[in-house]
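Everything below concerns the one structure shown next.
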Amino acid sequence: HSCRYTNAKDLGFVGKEVLVVGWGNSGCEIACDLVEHGAKPTVLIRSSQCVVPRSFMLWVEKFSKTHISPLASVPFGWVAVL
């Protein structure tokens, strides 16, 4: 279970094939950690998923603070964004 996971190196997964069941927050973080430590994860999920890179989400957060937040003070300013 994910609550017992520490990291791939400590658990001896380096260079091994590992099955990750589920693609929730924990499953995704564990799969990324496995890759970063040289393991070869395979992810088993129930249905198709949309995966968005962290770098894109950081860009969205920065964009929303600089472009969308200022519009909040303007009545119906959000319409300009759409």
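The minimum heavy-atom distance between Pro41 and Ala31, with the atom names listed, is CG-O, 3.8 Å. Of all non-hydrogen atoms in Gly22 and Val43, the two that sit nearest each other are O-CG1, 3.9 Å. When all heavy atoms of His37 and Ala8 are compared, the pair lying nearest together is CB-CB, 3.6 Å.
Leu44 has its side chain within reach of Leu19: a pair of non-hydrogen atoms, C-beta onward, lies under 4.5 Å apart. Here the side chains of Thr6 and Leu11 are in contact, with some heavy-atom distance below 4.5 Å. Side-chain contact between Asn7 and Phe13 is absent, with no heavy atoms from C-beta onward closer than 4.5 Å. Within the 4.5 Å cutoff, side-chain heavy atoms of Val20 are placed close to those of Leu34.
More than 12 heavy atoms of other shown residues, nucleotides or ligands fall within 6.0 angstrom of atom CG in Asp10.
Linking Ile, Leu, Val, Met, Phe, Trp and Tyr residues whenever their side-chain heavy atoms come within less than 4.5 Å places Ile45 and Ile30 in a single cluster. Val51 and Met57 are not part of a single hydrophobic cluster, where members link through side-chain heavy atoms under 4.5 Å apart.
Taking CD of Glu29 as the reference point, atom OH of Tyr5 lies at 10.5 Å (rounded to 0.5 Å). Between the CG atom in Asp33 and the SG atom in Cys28 there is a gap of 11.5 Å [rounded to 0.5 Å].
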